[in-house]
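Order of appearance sets the numbers: ligands from 1, and atoms from 1 within every ligand. Sequential numbering from 1 along the given sequence is applied to the chain's residues.
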Amino acid sequence: MRQSQMLIPTLKENPADAEIKSHQLLVRAGYIRQIASGIYSFLPIGRRVLSNVENIVREEMEKIGAHEMMMPALEPSELWKETGRWTTFGSELMRINDRHNREFALGATHEEVITSLVRNEVKSYKQLPLTVFQIQNKFRDEARPRFGLLRGREFLMKDAYSFNESYESLDETYDKMFQAYTNIFNRCGLNFRAVIADSGAMGGKDTHEFMVLSEVGEDVIAYSDSSSYAANIEMAPVVATYEKSDEAPKEMEKVSTPNQKTMQEVADFLGHGLEQGLKSIMFQVDEEYVMVVTRGDHEVNDVKLKNLFDAGLVELASEEDTRRLMGTGFGSLGPVDVPEEVKVVADHAVEALVNVSSGANEEGYHYTNVTPGKDFEVSAYADLRFIEEGDPSPDGEGTIQFARGIEVGHVFKLGEFYSERMNATFLNDQGKATTMIMGSYGIGVSRTLAAIVEQYHDDRGITWPANIAPYHVHLLSLNPKKEEQKELADQLYEELKQAGIEVLYDDRKERAGVKFADSDLFGVPVRVTVGKRAGEGVVEVKERATGDQQDLEQHEVVSYVKNWYKL
Ligand code: ATP
Ligand code: MG
């Protein structure tokens with residue numbers, strides 16, 4: 001393509017609202033433009049890189065026998081009402097009415113649409129297993145659209161859905177998907193981890209998120225330093241064992257702790273470490289009030305609390321409810337003498353403590369020498385805290401480290417959630433109507449593109465991996481006014497194209513400095529510059545990522561490029 005005829009508006013400065021590199025660079029280099037918050041146009045070179053990611057996804061899906069289809073973006077509300085998600089999806093679902101006042105959702109995801117199609121069209125076990133996918137814009141009214149393509153309100157997603165006869169068959173489809181995802185993110189050149197994401201039961205393996213390791217990621221991954229174990233920190237079980245102190249329990253004492261509000265202030269005031277104090281937090285768990293007690297240096301994990309009670313809703317109790325029940329506010333809570341309507345549960349670490357401090361359920365006072373079992377009882381000890389760096393890895397190998405990640409993909413065993421509510425059944429080999437078993441599998445295609453830029457850039461611009469780059473070669477003619485330069489560049493342009501090489505040809509009447517800066521910004525992996533030595537038929541080739549450069553004769557250029565890309 002001749003750059004002089006293309007829409008590639010580059011900017012010298014970062015856009016004011018762009019906080020992270022992928023957002024800054026994709027805008028500055030003319031790949032994308034925002035039209036409204038979280039909504040972007042892909043300009044011609046942006047469309048090319050997006051298509052490259054898309055095609056990798058498409059190829060790997062087809063390889064495992066998933067077939068591409070396309071569902072509408074407008075989804076009638078009746079379908080969402082069948083599953084209850086018209087309500088539970090909340091304000092993230094964009095809704096519109098047609099001229100007859102019928103309600104529609106703008107597609108945020110397509111479980112309902114695909115299930116409705118399959119229940120009508122698939123009747124027999126002979127048609128299963130079945131996996132389909134589509135690559136299409138999704139709409140979600142995110143509370144905080146930000147970071148450019150990472151969290152948009154309209155974004156490109158690959159969503160796949162599988163229908164199986166049995167859970168065993170679902171496992172097989174899931175494993176194939178898992179492998180396809182691994183191939184996709186490898187081909188995108190990404191440094192990523194598949195992490196255990198959610199499971200109902202702790203430590204289960206029913207869903208995985210694919211996380212690209214990045215400082216700007218919103219998720220925290222707990223991974224083992226010596227095995228492949230990795231989980232979202234919410235999900236990682238704590239398997240640490242705690243040795244009970246052999247100190248003799250002493251008489252509990254009430255001490256005045258005026259104006260000492262935080263755990264740290266109280267610990268400093270009483271002259272002990274954070275781990276020698278009890279942290280007590282009131283939660284509302286469905287209809288119940290629950291006090292959760294952990295060691296002062298640990299953090300309560302509310303997902304684990306939710307799972308312990310198999311609850312629908314877990315949230316911090318209000319200060320008002322806490323005062324009504326306990327006679328005191330948040331800063332003075334403790335597990336000693338708790339009224340009956342409040343259930344007390346504690347993390348395993350608490351069981352091993354002797355002679356520690358806790359709130360006295362009275363403003364300005366704490367107890368010292370509190371020992372569980374002697375001074376208070378709990379209804380259960382359980383794993384209730386967040387895993388921490390340095391904890392033993394749940395798989396028994398190595399210790400836990402943390403990293404931040406960007407979720408680019410999600411594989412999920414849905415089971416019968418949708419098929420049951422929407423009555424999607426098939427006749428099994430005995431002729432008996434049976435509920436289909438489903439899985440769903442998403443990839444944020446546009447988010448993946450941004451994640452690639454997060455891992456592939458330097459201070460001058462993007463440094464695309466070969467598989468994603470918008471072109472193979474960026475051909476620069478430094479001074480097209482000079483006849484020999486223009487002629488050689490034009491010839492090379494034709495030769496490269498003839499050889500099936502994709503070329504972006506900077507034939508603009510711009511200063512050399514502008515061309516080099518733009519070229520670094522775009523990040524095409526191989527640059528061919530026609531300049532001063534054009535008269536001798538010599539050009540310079542330079543690798544964008546490493547900066548390695550050399551002079552080549554005109555006739556060597558095509559084979560150099562073919563070799564570089566293994567074309
Ligand atoms: P998140 O926790 O980031 O909101 P999610 O759990 O809502 O993600 P899914 O419903 O599993 O995401 O969607 C499948 C994939 O779509 C995600 O793994 C992610 O890569 C991508 N995705 C989700 N929301 C967005 C968004 N607002 N912008 C861009 N990509 C997104
Ligand atoms: Mg979301």
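Between R385 and D297 there is no salt bridge, since none of the side-chain N atoms of the basic residue sits less than 4.0 Å from a carboxylate O of the acidic one. The residues E60 and K63 are annotated as salt-bridged, a charged nitrogen and a carboxylate oxygen being separated by less than 4.0 angstrom. Taking the charged nitrogens against the carboxylate oxygens, R95 and E103 have no contact shorter than 4.0 Å, which rules out a salt bridge. With respect to the salt-bridge test (charged N to carboxylate O, under 4.0 angstrom), the residues R47 and E54 qualify. Between K279 and E299 a salt bridge is recorded (basic side-chain N to carboxylate O distance below 4.0 Å). A salt bridge is absent between R146 and D17: the closest approach of a Lys/Arg side-chain nitrogen to an acidic carboxylate oxygen does not fall below 4.0 angstrom.
Distances shorter than 4.0 angstrom occur between a heavy atom of V408 and an atom of ligand 1. Heavy-atom distances between D219 and ligand 1 stay at or above 4.0 Å for every pair. No heavy atom of S446 sits closer than 4.0 Å to any atom of ligand 1.
Atom 3 (O) of ligand 1 has its closest protein heavy atom at R151 NH2, 2.8 Å. Taking atom 28 (N) of ligand 1 as the reference point, the nearest protein heavy-atom neighbour is G152 N, 3.0 Å. Looking at atom 22 (N) of ligand 1, its nearest protein heavy atom turns out to be F155 CE1, 3.6 Å. R140 NH1, 3.0 Å is the protein heavy atom nearest to atom 7 (O) of ligand 1. For atom 2 (O) of ligand 1, the closest non-hydrogen atom on the protein side is E407 OE1, 3.6 Å. For atom 13 (O) of ligand 1, the closest non-hydrogen atom on the protein side is M157 CE, 3.6 Å. Scanning all protein heavy atoms for the shortest distance to atom 15 (C) of ligand 1 gives G444 N, 3.8 Å.
The contact set between ligand 1 and E142, taken as ligand atoms under 4.0 Å from a residue heavy atom, comprises 24 (N), 26 (C), 27 (N). Every atom of ligand 1 with a heavy atom of L149 under 4.0 Å away is listed here by number and element: 29 (C).
Here OG1 of T435 is found 12.5 Å from CZ of R119. Values are rounded to the nearest 0.5 Å.
Counting heavy atoms from C-beta outward, Y229 and I400 have side chains that approach closer than 4.5 Å.
Closest to atom 11 (O) of ligand 1 by heavy atom, among K138, H410, K158, R447, is H410.
There is a side-chain donor-acceptor pair under 3.5 Å between T173 and N164.
The backbone of L150, and not its side chain, has at least one atom closer than 4.0 Å to an atom of ligand 1 (non-hydrogen atoms only; backbone = N, CA, C, O).
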